[in-house]
Protein chains: 2
Amino acid sequence: MTATGAPRTIQDRALRPTAKVLPEHIRLNNRTLVLQTLYRAGLQSRADLARETGLTRVTVSDLISELMGENLVIELGQRQEPRPGKPATLLDINRSAFQIVSLDLSGHTRLRGAVLSLDGAVLSSSGLDLAGARGEAAYDTVAELLAQVIAAATAPILGVGIGSPGIVDRAGVVRNAPNLGWRDQPLQARLQELTGLPVRVVNDANAAVLAEHSFGGADHDLLLIKVGHGVGAGLLIGGRAIFGERFAAGEIGHVVVGTDDGPLCACGKSGCLEAWLSVPRLTAAIHDATAAAATPADAERATSDILTEAGRRLGIILAPVVGALNLLEIVLSGPPELLDGALSAATVETLRSRTMATETGDLTLRMTAQGEDIVLRGAAVMVLSAQLGVS
Amino acid sequence: MTATGAPRTIQDRALRPTAKVLPEHIRLNNRTLVLQTLYRAGLQSRADLARETGLTRVTVSDLISELMGENLVIELGQRQEPRPGKPATLLDINRSAFQIVSLDLSGHTRLRGAVLSLDGAVLSSSGLDLAGARGEAAYDTVAELLAQVIAAATAPILGVGIGSPGIVDRAGVVRNAPNLGWRDQPLQARLQELTGLPVRVVNDANAAVLAEHSFGGADHDLLLIKVGHGVGAGLLIGGRAIFGERFAAGEIGHVVVGTDDGPLCACGKSGCLEAWLSVPRLTAAIHDATAAAATPADAERATSDILTEAGRRLGIILAPVVGALNLLEIVLSGPPELLDGALSAATVETLRSRTMATETGDLTLRMTAQGEDIVLRGAAVMVLSAQLGVS
DNA sequence: CATGTTTGTTAGTAAACCTTACGAACGAAA
DNA sequence: TTTCGTTCGTAAGGTTTACTAACAAACATG
């Protein structure tokens, strides 16, 4: 045989096969493919799904009957458009049959929880003050909030998604979360045991970037900067979240910015990003400047200067990341009154001036449209992805 | 049904299914799995492969007979170890049946080519001076070198791998390579047409990082910095190369370092990484300092200072990337007399001092062991991956 | 009212892996 | 020397999957 006759691999599908594949895995893949297609577009007939997925009508029918048996898909009557041929039976995900429970543990003092629809809409929400609880007390507070939210659900719960600050591994163990006083806290396993529901625990910034991807119309490569009590990042490359070898990807709060020192940080270093950009630092600086200002105009100018400098610092630290990953889309999440103005303008300006113009010409930086629910919705995406393969 | 009864997906296998799967895809996956297992470990029996892959002996036998029919696998007699039972028939990839042709176009003035074995060993190599050729003339030079190397092969050629400087897209079109005077040069398609062989063209730094991964024992997450006439990076996350949305990932040469200006760069900005770190800049600076030095000791001290500062600059620009991606392994490729000493020591020191110590404590930075053949071997990895699914 | 089109289903086929069973070849123990 | 248990590779038959082909139902249109 000739060399050119050497076989092509499924390289486009998965770079290297890491496990054997059996016929039943085919079924799972195609089943999920159909579910995903239905989830994204909604209201389609079996024939539509066949055309969209490339499967035959026969196979789609078979998969749909399986999904209907599990109450995941329902028929919604016949299509009304006047067309030749037998009218199509419209299908959709049974969007009201299940609900998702999400918790956001990233608030410095207050934990939030919500019941969400399968579409990611917040149906009801509640909160609980952490009241300085740490360690096991913090866990108890989380469990109490979770019980509250579960009780508020009005349909079977598909699963529980939780966005936690700190370093969270793939098994949902919170390796380190200083604010909650947790080290190696097996939150996912404990809550799964406690509730009997499927639970997924992820880092809050990673949850946020998933929400932006699924509900914010973001592209496959996306960097989300979450500014709050601390500063963290969530990174999506090729539609996949990046976790890092020690699950600490996105932990850029304590990376030093620039070569001219800067404010002292709680971690002991000078000029960390968090020392420039965290909400407490910014509000304190603005407060001080406003108090010292002679006129309202002076105060406004001083405020703008502070935000511009913070934005510039963010741009300085992001420039190498944007260059190395060739990122085109950056999203900011946090208080819009701080981020959405002089700060983000300075960040874009700094990024453009410090990277190759030809590559960053179409770089976009914007605020998230998800508002404060971004972590809750991202945690719901994790549940959808884990339970249905859909997102 | 209950929510917990909702089906699990193949999420661990592939985040979201993007295409239908047919029975024949199973075959391809398992066939590649067997080939890969054999490629990495070598000299195994069918029963060994069955145990290793999880497939049954029956299936492995069937796949092996298919692979033997394509001359990709051969039998090598019976295992000699005294064990109970029927002795095993040892198998291996037919490593001498095919060879790989690689080109490295990243040299500023000289193009290199080589014939490699399936194991990535350089069997013979040759070179051709670019002699200032640009555009179509540069293409002709590449084609001439390729013909030379192909003629030197002593077995059927599995494919041609090429590492090119500049921005290369997934189809092997060189979007922009200033040194060669190429814009939107469809190098892969042209050379494939010309030679009738499968051709893969990738960016030189991306090829290098693949070589380090496959032959250098590197982990799944890896950043390779290639220092030459310019400075580029290749990035591997989860064992997959990162290309970027505009295929410009790793183009960090013209990202500005620090907040204190720096040398003027050819691109017009001040303080670009390339202005600190490229080989021409370093050698010129060292030359000047040596000439100005009063004593050999002064010269040595000045040289060390220059290299230390360059290393510090590299550390400054890598710190945000290392933090954002939680990288633990960085490899340098380039002239060891410049990189392997004060420079890399300063880079590690700077990285440690500018990122979270707890996360970068086990960060390693080292020179590549691949030497100057790194791009050639990486290009060969591309061929192995594309043609056999093996690497 | 006949015709063509579209939908969803039924029946049968091909491909892939699996389980079960078997002969061949070997070491160890009776 | 013979018997037994082990291991290897192969053969036969079964299961799962999706495909092709064919068809009835339901509709629009000329």
Side-chain angles (χ1 to χ4, degrees), chain A residues 7 9-10 13 17 19-35 37-38 43-69 73-92, chain B residues 7 10 13 17 19-35 38 43-69 73-92:
Chain A
T9 69
I10 54 170
R13 189 171 301 275
K20 66 172 175 177
V21 174
L22 302 179
E24 67 212 62
H25 296 129
I26 295 193
R27 185 74 167 180
L28 199 46
N29 182 302
N30 290 341
R31 178 198 141 104
T32 304
L33 180 62
V34 166
L35 203 57
T37 307
L38 204 48
L43 272 196
Q44 292 166 90
S45 68
R46 292 168 175 85
D48 293 334
L49 287 168
R51 277 184 291 266
E52 180 70 20
T53 61
L55 297 163
T56 61
R57 292 199 307 271
V58 180
T59 303
V60 170
S61 277
D62 198 36
L63 288 166
I64 288 293
S65 77
E66 181 182 310
L67 290 167
M68 287 177 63
V73 169
I74 50 174
E75 291 189 339
L76 288 169
Q78 298 194 331
R79 179 178 277 143
Q80 294 303 333
E81 302 166 26
R83 287 201 299 183
K86 176 180 173 180
T89 310
L90 291 175
L91 305 168
D92 197 4
Chain B
I10 55 170
R13 189 172 302 277
K20 66 172 176 177
V21 173
L22 303 179
E24 68 212 63
H25 296 130
I26 295 192
R27 184 72 165 184
L28 198 47
N29 180 302
N30 291 342
R31 178 199 140 105
T32 303
L33 179 63
V34 165
L35 203 57
L38 204 48
L43 271 196
Q44 291 166 90
S45 69
R46 293 170 175 83
D48 293 333
L49 287 168
R51 278 185 290 265
E52 180 70 21
T53 60
L55 296 162
T56 61
R57 292 202 305 273
V58 180
T59 303
V60 170
S61 277
D62 198 36
L63 289 165
I64 287 293
S65 78
E66 180 182 311
L67 291 166
M68 286 177 64
V73 169
I74 49 174
E75 291 188 339
L76 288 169
Q78 298 193 332
R79 180 178 277 144
Q80 293 303 333
E81 301 165 25
R83 288 201 300 183
K86 176 179 173 180
T89 310
L90 291 175
L91 305 168
D92 196 4

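These numbers come from the heavy atoms of this one structure, side chains and all, not from hydrogens, waters or symmetry mates.
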Could you check Lys86(A) against Gln78(A) for side chain to side chain contact (heavy atoms under 4.5 Å, CB included), going step by step and ending with a plain yes or no?
CA-CA 10 Å; Lys86(A) 176 180 173 180; Gln78(A) 298 194 331; 5.8 Å; no

DNA chain D: 5'-proximal contact among Leu55(A) and Leu90(B) (nearest heavy atom)
Leu90(B)

Calculate the interatomic distance between [X] atom [atom1] and [N] atom [atom2]; express it in whole Å.
X: Arg79(A); N: dT7(C); atom1: CZ; atom2: P; answer: 7 Å
X: Leu49(B); N: dC8(D); atom1: CG; atom2: C1'; answer: 13 Å
X: Gln80(B); N: dC26(C); atom1: CD; atom2: C1'; answer: 13 Å
X: Leu91(A); N: dT7(C); atom1: CG; atom2: P; answer: 12 Å
X: Asn29(B); N: dT17(D); atom1: CG; atom2: P; answer: 17 Å
X: Leu22(A); N: dT15(D); atom1: CG; atom2: C1'; answer: 12 Å
X: Gln78(A); N: dA25(D); atom1: CD; atom2: P; answer: 15 Å
X: Arg31(B); N: dC17(C); atom1: CZ; atom2: C1'; answer: 17 Å

Applying a 4.0 Å non-hydrogen cut-off, can you work out what Arg51(B) is touching in the nucleic acid: base, sugar-phosphate, or nothing?
sugar-phosphate

Could you pull out all residues at least two apart from [X] that satisfy side chain to side chain contact (heavy atoms under 4.5 Å, CB included)?
X: Thr56(A); value: Val58(A), Thr59(A)
X: Arg83(A); value: Arg79(A), Glu81(A)
X: Ser65(A); value: Asp62(A)

Taking only residues two or more places apart in sequence, or in another chain, which ones meet Glu66(B) in a side-chain hydrogen bond (donor to acceptor under 3.5 Å, both in side chains)?
Arg27(B), Arg31(B)

Could you tell me whether a side-chain N or O of Asn29(A) sits under 3.5 Å from a main-chain N or O of Lys20(B), the two making a donor and an acceptor?
no

Please say which of Val34(A), Leu43(A), Leu49(A) ends up in a side-chain contact (heavy atoms from CB on, under 4.5 Å) with Leu91(A).
Leu49(A)

Can you tell me if the side-chain N/O atoms of Lys20(B) get under 4.0 Å from OP1 or OP2 in dT17(D)?
no

So, is Ser45(A) near the phosphate of dT6(C), with a side-chain N or O under 4.0 Å from OP1 or OP2?
no

What distance do Ser45(B) atom OG and Asp48(B) atom CG have between them, rounded to the nearest 0.5 Å?
3.0 Å

For nucleotides 9-16 of chain C, list the nitrogen or oxygen atoms of the protein found under 3.5 Å from its nitrogen or oxygen atoms, one pair per line.
{"from": "dT9(C)", "atom 1": "OP2", "to": "Ser61(A)", "atom 2": "OG", "distance (Å)": "2.6"}

Closest approach of Ile26(A) to Val21(B) (non-hydrogen atoms, all atoms of both residues):
CG2-O, 3.3 Å

Among the nucleotides dC19(D), dT7(C), dC18(C), whichever has the atom closest to the side chain of Thr56(B) is dC18(C)

Please list, pair by pair, any protein nitrogen or oxygen found under 3.5 Å from a nitrogen or oxygen in nucleotides 4-6 of chain D.
{"from": "dT6(D)", "atom 1": "O2", "to": "Gly85(B)", "atom 2": "N", "distance (Å)": "3.2"}

